[in-house]
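Scope of the values below: all heavy atoms of this structure, side chains included, with no hydrogens, waters or symmetry mates. A note on names: the letters A, B, ... follow the listed sequences, proteins ahead of strands, and every chain is numbered from 1.
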Amino acid sequence: MAADRDVFRAPKGMLDVLPPESARWIDVVTRFAERARRFGFGLLMTPILEHYEVFQRVGENTDVVRKEMYEFVDRGGRHLALRPEGTAPVVRAFVQHRPPVPWKVWYVAPNFRAEQPQKGRYRQHWQLGAEVLGPPDPDIDVETIALAHGFYRDLGLKQVTLLINSMGDDESRARYVDVLTAYWREHASLLGDEMARAEANPLRILDSKREDWQEMLEHAPQLGEYLTDESRTHFEHVEAGLQALGIDYDIAPRLVRGFDYYTSTVFEFTSNALDAAQNAVGGGGRYDRLAADMGGPPTPGMGFGIGIERVLIACDSEDVLPVPEPHCDVFVVDAVGGTEATRLAYELREAGLTVERAYGGRAVKKQWSAADRSGAQYGVMLAPKEMEQGKVAVKDMRTGEQVDVPRDEVAAVIATRLEGRPS
RNA sequence: GUGGCUGUAGCUCAGUUGGUUAGAGCGUCGGGUUGUGGUCCCGAAGGCCGGGGGUUCGAGUCCCCUCAGUCACCCCA
């Protein structure tokens, strides 16, 4: 039996986001939503739960599916899982509803993975993402990458690098996997216990960070050399498109990404400003077979996910997108009691002002102190002397200047004054 | 899942070779007289010293286990 103090806290690896920090989240999501809208993407909201099989399709060889999924059987006996990644639900929704293509959607949603938490890696993390189901046109790859690229720029991030690679089509990859597997076998002694993994999923070894493998990895055969003409042409078109848009990128021959469904173009955005090992702030690629794998019409797809927590860590490192200062137009100080303060605050808020007040009948001095801390531009005090004349005291918190204003005109007077002082 | 580091008030941290009622700063609340903030002064609340077990006359200090945080591997956003 766990003690209360162990249980009444957020689960391991999961974060609470409190004000004022949460204001940055609003900012991040708003900017992404705005950009996605301009690119022609609509918001897609899917359940946080899917049938287990939906995610099983994204790759039975991936750790995310094999050992990191939160899954359970519900009361109706259904085998369900909490979403571990964003693409599968989108494709599932596409297959279910059969919207006309190209289908361009974006999302913001929490993902769940039962991993060991560390910096930039949480058991619940939020992703912003965009996906396009439609033709395998490389222009779609370019536009989608441009959407993500511009988003980082909107936030003010400068040290984000775009890495791209091609996984090729089935034929390309089949040829490559043969060569690569042979290469791993030559180095079986170095691979040791991981040889089984190298056999099961040869590509996954390529981007390992193990230092003792780096020498071997650098000399490994590269996928780029085994692309079919069709795959090569597609990739060249993507490159040409990025160049046309002035988007810098590096080709990363060993970039393979973590999910089985990727084909053709894959890409990743990494932050050079992150001192953490988890420096990928976004990534995605093409998945030209996934829709068909889920029983839908064969429809190529392209998309990406962006980790919000990691983006915010990157923003901290680069010192951009600071937590906003608390904003308050008016603080109501109540020296009379009754319902007047409630009425005045309500009236000012209905007039469009941001209003705070004190509660609990605190001493006037304490209320002014609270007004100061609130960051309010103006303090409005309800007090007996002024009220006898049908007025209230309006104080400019910055200058300390205070004047009496007719009760009926308070909202208008303050609104007018604030206009000349954009905060 | 594996390994390193850490765990004392809401926050940041002190706590001397184990020795009496565990401290500070910040924050919060209250006071410095009649209705006015930011500075200053005074005061208060707030800690099963993460939890459990052990060693000891005695443990916040030592040992073991556990939980949590953190960093790294694996993997991924």
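- When the P atom of B/A72 is taken as reference, atom NZ of A/Lys119 falls 7 Å away, rounded to whole Å.
- Between the P atoms of B/C62 and B/U70, the separation comes to 24 Å (whole Å).
- With hydrogens and angles left out, the side-chain atoms of A/His125 and A/Gln127 include a donor and acceptor closer than 3.5 Å.
- No donor-acceptor pair closer than 3.5 Å links the side chain of A/Thr144 to the backbone N or O of A/Gly303.
- Rounded to a whole angstrom, the distance from the C1' atom of B/U21 to that of B/C49 is 15 Å.
- Donor-acceptor pairing under 3.5 Å, judged by distance alone, is absent between the side chain of A/Gln367 and the base of B/U36.
- Under the 4.5 Å side-chain criterion, counting only non-hydrogen atoms from C-beta, A/Gln116 is in contact with A/Arg121.
- Between A/Gly120 and A/Ala370, it is A/Ala370 whose nearest contact on RNA chain B lies nearer the 5' terminus.
- Nucleotides B/G1 and B/U66 place their P atoms 12 Å apart, quoted to the nearest Å.
- B/U61 and B/U8 are spaced 11 Å apart, taking the C1' atom of each and rounding to whole Å.
- Whole-Å rounding puts the A/Lys12 NZ to B/G50 C1' distance at 14 Å.
- A/Met14 places its CE atom 15 Å from the C1' atom of B/A68, with the value rounded to the nearest Å.
- Heavy atoms of A/Tyr122 sit under 4.0 angstrom from at least one base atom.
- At whole-Å resolution of the value, CD in A/Glu401 and P in B/G37 are 17 Å apart.
- The distance between atom CZ of A/Phe151 and atom C1' of B/A77, rounded to the nearest whole Å, is 12 Å.
- If you check every strand for non-hydrogen atoms under 4.0 Å, A/Gly379 touches nothing.
- With salt bridges taken as basic N to acidic carboxylate O contacts below 4.0 Å, one links A/Glu34 and A/Arg37.
- Put simply, the residue from A/Thr263, A/Asp141, A/Thr265 that forms a side chain to side chain donor-acceptor pair (under 3.5 Å) with A/Arg286 is A/Asp141.
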With B for base contact, S for sugar-phosphate-only contact and - for none (protein heavy atoms under 4.0 Å), nucleotides 26-31 of chain B reads --SSSB
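- Between A/Asp396 atom CG and B/U36 atom C1' the separation is 14 Å, expressed in whole Å.
- Taking the ring pair (Phe, Tyr, Trp, His ring centres under 6.0 Å) definition, one finds that A/His51 meets it with nothing, sequence neighbours left out.
- In terms of the side chain to side chain donor-acceptor pair (under 3.5 Å) criterion, A/Arg362 has no residue partners (sequence neighbours excluded).
- Using a 4.5 Å heavy-atom threshold, the side chains of A/Asp178 and A/Tyr226 count as separate.
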Would you list the protein and nucleotides 73-75 of chain B atom pairs, both N or O, that sit under 3.5 Å from each other?
| residue | atom | partner | partner atom | Å |
| --- | --- | --- | --- | --- |
| B/C73 | N4 | A/Arg121 | NH2 | 3.3 |
| B/C74 | OP1 | A/Ser208 | OG | 3.2 |
| B/C74 | OP1 | A/Lys209 | N | 3.2 |
| B/C74 | OP1 | A/Arg210 | N | 3.2 |
| B/C74 | O3' | A/Arg197 | NH2 | 3.4 |
| B/C74 | N3 | A/Arg121 | NH1 | 3.1 |
| B/C74 | N4 | A/Arg121 | NH1 | 2.0 |
| B/C74 | N4 | A/Arg121 | NH2 | 3.4 |
| B/C75 | OP1 | A/Arg197 | NH1 | 2.0 |
| B/C75 | OP1 | A/Arg197 | NH2 | 2.4 |
| B/C75 | O2 | A/Glu115 | OE2 | 3.2 |
| B/C75 | O2 | A/Arg121 | NH1 | 3.2 |
| B/C75 | N4 | A/Lys209 | NZ | 3.1 |

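- With A/Arg92 as the partner, the salt bridge (charged side-chain N to carboxylate O under 4.0 Å, His left out) test is satisfied by one option alone out of A/Glu131, A/Glu53, A/Glu85, A/Glu50: A/Glu50.
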Secondary structure of RNA chain B per the Watson-Crick/G-U criterion (both distances under 3.5 Å; [ ] crossing, | other strand, . unpaired) is (((((((..((((.....[...)))).(((((.......))))).....(((((..]....))))))))))))....
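- Classification of the A/Phe32-A/Phe304 ring pair by plane angle, with boundaries at 30° and 60°, yields perpendicular.
- Heavy atoms of A/Gln402 sit under 4.0 angstrom from at least one base atom.
- Evaluation of the side chain to side chain donor-acceptor pair (under 3.5 Å) test over residues 150-165 of chain A, restricted to residues two or more places apart or in two chains, returns A/Arg35-A/Asp154, A/Thr161-A/Asn272.
- Among the atoms of the strands shown, only primed sugar atoms or phosphate atoms (P, OP1, OP2) are found under 4.0 Å from some heavy atom of A/Gly13.
- Nucleotides B/A24 and B/G38 are separated by 24 Å at their P atoms, to the nearest Å.
- Taking atom OH of residue A/Tyr378 and atom C1' of nucleotide B/U36, one finds them 17 Å apart after rounding to whole Å.
- Listed by first and then second residue, the ring-ring contact (aromatic ring centres under 6.0 Å, His included) pairs involving residues 181-224 of chain A are A/Tyr183-A/His187 (not counting sequence neighbours).
- Scored by the side chain to side chain donor-acceptor pair (under 3.5 Å) test, A/Lys391 finds no partners at all (sequence neighbours excluded).
- Neither side chain, A/Ser271 nor A/Asn279, offers a donor N or O lying under 3.5 Å from an acceptor on the other.
- In this structure, A/Tyr70 and A/Phe112 have perpendicular ring planes: the angle between them is above 60°, well past the 30° mark.
- B/C57 and B/A72 are spaced 44 Å apart, taking the C1' atom of each and rounding to whole Å.
- In this structure, A/Arg357 contributes its side chain and A/Val332 its backbone to no donor-acceptor pair below 3.5 Å.
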Would you list the protein and nucleotides 38-46 of chain B atom pairs, both N or O, that sit under 3.5 Å from each other?
| residue | atom | partner | partner atom | Å |
| --- | --- | --- | --- | --- |
| B/G38 | O4' | A/Asp372 | OD2 | 3.0 |

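- Within the structure, salt bridge (charged side-chain N to carboxylate O under 4.0 Å, His left out) pairs that include any residue of residues 364-386 of chain A do not occur (at least two apart or interchain).
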Listing, residues 245-253 of chain A side-chain donor-acceptor contacts under 3.5 Å, not counting sequence neighbours, or none:
| residue | atom | partner | partner atom | Å |
| --- | --- | --- | --- | --- |
| A/Tyr249 | OH | A/Glu239 | OE1 | 2.6 |
| A/Tyr249 | OH | A/Gln243 | NE2 | 2.7 |

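- The stretch residues 382-392 of chain A comes close to RNA chain B through A/Ala383, A/Lys385, A/Glu386, each having a heavy atom under 4.0 Å from the strand.
- The separation of B/G43 from B/G25, taken at their P atoms, amounts to 11 Å, rounded to a whole angstrom.
- When the C1' atom is used for both B/G47 and B/G7, the distance is 14 Å, rounded to whole Å.
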